[in-house]
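This chain uses plain numbering: 1 for the first residue, then up along the sequence. All values derive from a computational prediction rather than experimental measurement. Whatever order the structure lists them in is the order used to number ligands and atoms, beginning at 1.
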Amino acid sequence: MKKIALFPGSFDPLTNGHLDTITRGAALFDEVIVGVFVNTSKKSFFSAEEKVQLIETAVAHLTNVRVLVQEHELTADVARSLGAKFLLRGIRSVKDYEYEKDIAQMNRHLNAELETVFLLASPEYNHISSSILKEVIQFGGDVESYLPPVINQAILEKRDAK
Ligand code: ADP
């Protein structure tokens, strides 16, 4: 049976850290599905549709990766309906670990067949987050090396249009 992993997240925006996790996940699983949350609490820089389009471009070279919007549904249910038996998550720090551990336990409670697989962030990316990059960009800082080119371009366009 095909081993499918769901990689859920806000991806506001997708960084090279996320892309690194996706690339390594794509080598482990038959298929990786990037699930873009529709975020209700946090104000998003990009809409879910914009994120899907940008991520699709950033992962176009990975033939076993696809991208979809996760509507207001539990991740555990989304995984079940996609036939995904694995959740892919990245861990940068002890802080991430504490948070991810609780979510993984809850997801296992909600869907006993679901196994969360954690990949340690690569050292060159383990200090970056979408929120830090957005903050630096707002004030004109250069974080190009931490973003897929298509995403860096889209952020600059959106920032300059404001
Ligand atoms: P969420 O809102 O669920 O935290 P994110 O988009 O922030 O969504 O992150 C999605 C996943 O990617 C999480 O597992 C997170 O720990 C991981 N991640 C975030 N930044 C990095 C990075 N720089 N390197 C590797 N993994 C990362």
Side-chain angles (χ1 to χ4, degrees), residues 4-29 31-59 62 65-79 82 84-111 114-138 141-152 154-155 158:
I4 304 172
L6 175 63
F7 183 45
S10 312
F11 308 116
D12 194 44
L14 179 100
T15 68
N16 280 340
H18 294 126
L19 188 55
D20 180 62
T21 303
I22 295 169
T23 305
R24 288 158 62 202
L28 289 173
F29 298 102
E31 184 174 24
V32 172
I33 303 173
V34 180
V36 177
F37 292 148
V38 174
N39 209 326
T40 43
S41 53
K42 287 189 251 172
K43 203 179 167 304
S44 239
F45 191 79
F46 290 114
S47 71
E49 290 69 28
E50 286 172 325
K51 288 181 200 173
V52 168
Q53 214 181 13
L54 291 169
I55 299 171
E56 275 175 348
T57 309
V59 302
L62 300 167
V65 177
R66 65 187 171 105
V67 190
L68 49 79
V69 173
Q70 251 179 250
E71 296 296 345
H72 303 280
E73 262 180 289
L74 288 171
T75 293
D77 292 340
V78 174
L82 290 168
K85 294 268 164 57
F86 304 93
L87 277 186
L88 179 61
R89 297 289 287 176
I91 300 247
R92 286 162 292 186
S93 61
V94 171
K95 207 170 99 201
D96 271 355
Y97 167 77
E98 292 290 345
Y99 174 72
E100 295 289 342
K101 171 176 65 72
D102 294 347
I103 296 181
Q105 306 280 36
M106 182 52 73
N107 280 324
R108 193 194 287 258
H109 162 76
L110 296 168
N111 177 350
L114 196 55
E115 195 68 71
T116 304
V117 175
F118 300 105
L119 294 185
L120 283 186
S122 294
E124 62 268 43
Y125 301 129
N126 73 4
H127 59 293
I128 60 164
S129 63
S130 301
S131 45
I132 290 180
L133 296 190
K134 271 186 294 190
E135 194 151 332
V136 173
I137 287 171
Q138 294 293 348
D142 175 13
V143 287
E144 200 180 336
S145 59
Y146 293 126
L147 290 164
V150 64
I151 290 176
N152 186 56
I155 293 177
K158 200 163 239 216

Would [X] count as a polar contact of ligand 1, with the cut-off being nitrogen or oxygen pairs under 3.5 Å?
X: Ser10; result: yes
X: Arg92; result: yes
X: Arg89; result: yes
X: His18; result: yes

Which atoms from ligand 1 have a heavy atom of [X] less than 4.0 Å away?
X: Tyr125; result: 22 (C), 23 (N)
X: Phe11; result: 6 (O)
X: Gly17; result: 22 (C), 23 (N), 24 (N), 25 (C)
X: Phe37; result: 3 (O)
X: Thr21; result: 25 (C), 26 (N)

How would you list, by chain and number, every residue that makes a salt bridge (Lys or Arg N to Asp or Glu O under 4.0 Å) with Glu50, sequence neighbours excluded?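 Scan of Glu50 (salt bridge (Lys or Arg N to Asp or Glu O under 4.0 Å), adjacent residues dropped) gives Lys158.
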Taking side-chain contact (heavy atoms from CB on, under 4.5 Å) as the criterion, tell me which of Tyr125, Phe7, Phe118 meets it with Thr21.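 That would be Phe7; it is the only one of Tyr125, Phe7, Phe118 passing the side-chain contact (heavy atoms from CB on, under 4.5 Å) with Thr21.
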Can you list everything that forms a ring pair (Phe, Tyr, Trp, His ring centres under 6.0 Å) with Tyr146? Sequence neighbours excluded, please.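 By the ring pair (Phe, Tyr, Trp, His ring centres under 6.0 Å) rule, Tyr146 matches His127.
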Please confirm whether Phe7 approaches ligand 1 to less than 4.0 Å, judged on its heavy atoms.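 Checking ligand 1 against Phe7, which is what was asked, there is a heavy-atom contact under 4.0 Å.
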Would Glu100 count as a contact of ligand 1 if the rule is a heavy atom under 4.0 Å away?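 A heavy atom of Glu100 does come that close to ligand 1.
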Check Ile128 against ligand 1 and report side chain, backbone, both or neither, counting heavy atoms closer than 4.0 Å.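 For Ile128, backbone and side-chain atoms both sit under 4.0 Å from ligand 1.
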Would you check if Val52 and Leu68 make a side-chain contact, meaning some heavy-atom pair closer than 4.5 Å?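 No, their side chains stay 4.5 Å or more apart.
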Can we say Lys134 and Asp12 salt-bridge, meaning some charged N sits less than 4.0 Å from an Asp/Glu carboxylate O?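 Salt bridge present between Lys134 and Asp12.
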